[in-house]
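The block underneath contains the structure these notes are about, expressed in structure tokens.
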Amino acid sequence: MNLNLSPEEIVRREALAKLRALGIDPFPAEEFITTSNAEEIKANYEEGKQVIVAGRLMNQRIQGKAGFADLFDSTGRIQLYVNQDALCPGEDKSLYQDVVRHLLHYGDFVGVEGTLFTTKLGEISIHVSGLKVLAKSLKPLPMVKTDADGKVHDAFTDPELRYRMRYVDLVVNPKVKDTFVKRTKIVNAMRNFFNDKGYLEVDTPVLQAIPGGASARPFITHHNSLDIPMYLRIANELYLKRLIVGGFDGVYEFSRNFRNEGMDRTHNPEFTVMEIYVAYKDYNWMMNFTEQMLEHVAMEALGKTEVQFGEKTLSFKAPFARVTMTDAIKEYTGFDITGKSEDELRAKCLELGLDAGENLGKGKLIDTLFGEMCEKHYIQPTFITDYPVEMSPLCKRHRENPELTERFELMVNGKELANAYSELNDPIDQRERFEEQASLMERGDDEAMFIDYDFLRSLEYGMPPTSGMGIGVDRLVMMMTNNESIQEVLFFPQMRPEKKQEGPDVASFEAKGIEAHWIDAIVSMGFLSLDKLKETKPTALHQNLNQYRKKNKLDVPAAQLEEIMMWFS
RNA sequence: GAUCUCGUAGCUCAGCUGGUAGAGCAAUACACUUUUAAUGUAUGGGCCCUGGGUUCGAAUCCCAGCGGGAUCACCA
């Protein structure tokens, strides 16, 4: 007897045994061939048509010698009507009386054969003439019900349980499934958009010796035979640019990146960024490309360009607004950053009550001004352009102003969604910028970058003018599916590992020759192993065991002290 | 890491200023051959997160811990 089973689980395990006793395999091996599914039945309804479908049994409504149930397959819900005479035309009514009425439970997988009809209440249903158990469910799913007004009762809402047991969440909450279907549609729409333009999808290393292309704390691991530290990538940017050096006109990758930093509702340790690099283009071209791409994605995945996000409606209809960073800061602070020194910028930040420590360089100060004072105002998709050079070590200097770079970020709903450059392809400038980063790092800027010398070498062989763009796939999916947290758009978001509940060490008791009924008693008293048991007094245990025997009316002889003394030896 | 907040039946949740637990659904049994949150009758089911403390008495109050959520910090 397993003490950890709930009464309902015990019932289901007993049903399992009874099915076997009736000669029914609750987990048959052979293929079950279906001819239809819930969606198709409703789309091409034809009275009297013979169908075979399979799915999970939900919400049985048995009434005597007939009953209704809902069958859920991957396409949706179809109602079953089962009556005894149709299911069991012969003398033997056990398939109906035993199996359908008592041995099938909410959540079981069944295959069903029958004819289509419409009930009195107008619902398309299958009149079942054959039924096969395909898999028994041993744990009860949460019972979520929706009433006539569409109101959901007893919803399965606990975020912890939903994320830890996403399989249950998906079964019971249709909206969750919908989010993930949309996620795949969004990704496919992007991929198709790029492929149609002739760009090449590529794979680059996840395991890297230098975690380059961004500044973030990496996950560190170790390669045994090389005996060197390796890092899970924080970005793939430098590898894609190497491929542009190698002669590809356009490359892109959906890159799973890893950052060893805090987790909250917009950050998960692993997340997905789509990066694309196109030769002979600049950031102006990339802005047009990005807005067209997003409009295309919205149309493909959602069928429209207007997206409801909470109270707001976001419009992904191209073109998007474009504002320079200088103008943005001027607009929301009245302060013109043009030509200002580091001290002047710091003074302005302090005046506005912003954190502006001595370790912040000019670029970082401007970033602070923008991040704190402006960013939140850009709800509709807006390109913010021309970032200060210190903030963008991989970006080409602005063609008209060497203090700025040809960079844009796409802000949506007050948050960064995409980031793009006219890529820096001057190897000498790039080397100097990396060296500045190194000195920033020494000053204590923990966001400065490592230097990748092989990347510099590749630039020395010549990289054509190139524009690159990265877009946060998880955040895009959040926006397009109206979800406020990243956990809702990742199947298996990172969670603290579940604490293992220490089960009883039954083997240690059995090894001592303790009888099964006493083991149950000992475990129920909270002694999970023989060692724990030995911490108590044999006489006290003797009393407790016999009390337990009396209370539970055990049909066994009373425990003898001598016997118990043996367990302690 | 800081602050706030939550942890009661398989699920969703009640349980007031302290008196050792309740509902609906699910389960079990019976009735019911077109129901749809099916219905009716009956039954079973709880280390009230863990450990301390206050108290005659703690699910309830206090402290600590564990786990979750929110906000902030961190995170281009």
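Below, chain A is the first sequence line, B the second, and so on; all start at residue 1.
- Checking B:rG68, B:rU34, B:rA73 against the side-chain heavy atoms of A:Asp264 singles out B:rA73 as nearest.
- As rounded to whole Å, 7 Å separates atom C1' of B:rU34 from atom CG of A:Leu121.
- Close to B:rA38, at under 4.0 Å from its OP1 or OP2, lies a side-chain N or O of A:Asn59.
- A distance of about 31 Å separates the P atoms of B:rG1 and B:rA59, rounded to the whole Å.
- Counting any heavy atom pair closer than 4.0 Å across all strands shown, A:Glu416 reaches sugar-phosphate atoms only and no base atom.
- You won't find any donor-acceptor pair under 3.5 Å spanning the side chain of A:Gln63 and the base of B:rU34, going by distance alone.
- Annotation: B:rC66 and B:rA73 have their C1' atoms spaced 23 Å apart (nearest Å).
- Across all strands shown, nothing is found opposite B:rA76 as a Watson-Crick or G-U wobble partner with both distances under 3.5 Å.
- Remark: the separation of the P atoms in B:rG52 and B:rA58 is 13 Å, to the nearest Å.
- Put simply, CD1 on A:Ile10 is 11 Å from C1' on B:rA27, counting in whole angstrom units.
- Taking side-chain N and O atoms only, A:Lys145 has a distance below 4.0 Å to OP1 or OP2 of B:rA38.
- Nucleotide B:rG10 forms a pair with B:rC25, judged by Watson-Crick or G-U wobble geometry with both contacts under 3.5 Å.
- Comparing atom distances between the A:Ser6 side chain and each of B:rG10, B:rG67, B:rU33 picks out B:rG10 as nearest.
- Ranking B:rU35, B:rC11, B:rA26 by closeness to the A:Pro142 side chain, first place goes to B:rC11.
- Looking at which nucleotide of RNA chain B each of A:His102 and A:Arg265 is closest to, the 5′-most match is held by A:His102.
- B:rG65 sits 16 Å from B:rU5 when the P atoms are compared, rounded to a whole Å.
- Across all strands shown, the partner of B:rG40 is B:rC30, judged by Watson-Crick or G-U wobble contacts whose two distances both fall under 3.5 Å.
- Nearest to the side chain of A:Thr119, among B:rG68, B:rC11, B:rU34, sits B:rU34.
- Nucleotides B:rC61 and B:rG24 have their P atoms positioned 27 Å apart, rounded to a whole Å.
- At whole-Å resolution of the value, CD1 in A:Ile62 and P in B:rU36 are 15 Å apart.
- Comparing B:rC13, B:rA76, B:rU35 against the side chain of A:Arg407 picks out B:rA76 as the nearest.
- The separation of B:rG18 from B:rG57, taken at their P atoms, amounts to 15 Å, rounded to a whole angstrom.
- Listed nucleotides B:rA31, B:rU28, B:rA76 differ in distance to A:Ala216; the shortest reach to its side chain belongs to B:rA76.
- One cannot find a donor-acceptor pair under 3.5 Å joining the base of B:rG69 and the side-chain atoms of A:Asp158.
- For A:Pro159, taking side-chain heavy atoms from C-beta onward, the closest of the listed nucleotides B:rU12, B:rU35, B:rG69 is B:rG69.
- The phosphate of B:rU35 (OP1 or OP2) has no side-chain N or O of A:His127 nearer than 4.0 angstrom.
- Pair assignment for B:rU60: none, as no Watson-Crick or G-U wobble contacts are both less than 3.5 Å.
- Nearest nucleotide to the A:Tyr81 side chain, out of B:rC32, B:rU33, B:rU12: B:rU33.
- Of the side-chain N and O atoms in A:Arg61, none sit less than 4.0 angstrom from OP1 or OP2 of B:rU35.
- Side-chain rings of A:Tyr231 and A:Phe258 stay apart, their centers remaining 6.0 Å or farther from each other.
- Counting to the nearest Å, the P atom of B:rA37 and the CG atom of A:Asp70 are 10 Å from each other.
- Residue A:Arg164 places its side chain closer to B:rG68 than to any other of B:rU34, B:rG68, B:rA76.
- Using a 4.0 Å heavy-atom cutoff across all strands shown, A:Glu123 reaches at least one base atom of the nucleic acid.
- Note on ring orientation: taking the six-membered ring where Trp is involved, the planes of A:Tyr332 and A:His377 are parallel (angle under 30°, cut-offs 30° and 60°).
- Ring geometry for A:Phe408 against A:Tyr283 counts as parallel: the plane angle stays under 30°, on a 0 to 90° scale with 60° as the upper cut.
- When distances are taken from the side chain of A:Val11 to each of B:rC11, B:rU28, B:rU35, the shortest belongs to B:rU28.
- Atoms CG and CG, from A:Asp70 and A:Asn59 in turn, are 5.0 Å apart once rounded to the nearest 0.5 Å.
- Atom name C1', nucleotides B:rC16 and B:rU60: the rounded distance is 10 Å, in whole Å.
- Classified by interplanar angle (parallel below 30°, tilted 30° to 60°, perpendicular above 60°), the ring pair A:Tyr378/A:Phe370 is parallel.
- To the nearest angstrom, P of B:rC11 lies 9 Å from CD of A:Glu8.
- B:rU55 sits 38 Å from B:rU12 when the P atoms are compared, rounded to a whole Å.
- Shown here, B:rC16 forms no base pair; nothing in the strands shown gives a Watson-Crick or G-U wobble contact with both key distances under 3.5 Å.
- Pair assignment for B:rU3 gives B:rA70, based on Watson-Crick or G-U wobble hydrogen-bonding distances that are each under 3.5 Å.
- Mapping A:Pro7 and A:Lys65 onto RNA chain B by nearest heavy atom places A:Lys65 at the nucleotide closer to the 5' end.
- A:Asp169 has no carboxylate O lying under 4.0 Å from a charged side-chain N of A:Lys177, or vice versa, which leaves the two without a salt bridge.
- Among the protein residues, A:Arg162 comes within range of no part of the nucleic acid, since none of its heavy atoms lies under 4.0 Å from any strand.
- In this model, no donor atom of one side chain and acceptor atom of the other lie less than 3.5 Å apart for A:Thr75 and A:Glu39.
- Residue A:Leu141 contributes atom CG, which lies 12 Å from atom P of B:rC11 at whole-angstrom precision.
- Here B:rA73 presents its P atom at 7 Å from CD of A:Glu372, a figure rounded to the nearest Å.
- Checking B:rG46 for Watson-Crick or G-U wobble geometry (two distances, each under 3.5 Å) identifies no partner in any strand.
- For the pair A:Phe117 CZ and B:rU33 P, the interatomic distance rounds to 16 Å; values are reported in whole Å.
- Side-chain contact annotation: A:Glu423 with A:Thr466, donor-acceptor N/O pair under 3.5 Å absent.
- No donor-acceptor contact under 3.5 angstrom links the side chains of A:Gln494 and A:Asn268, judged on distance only.
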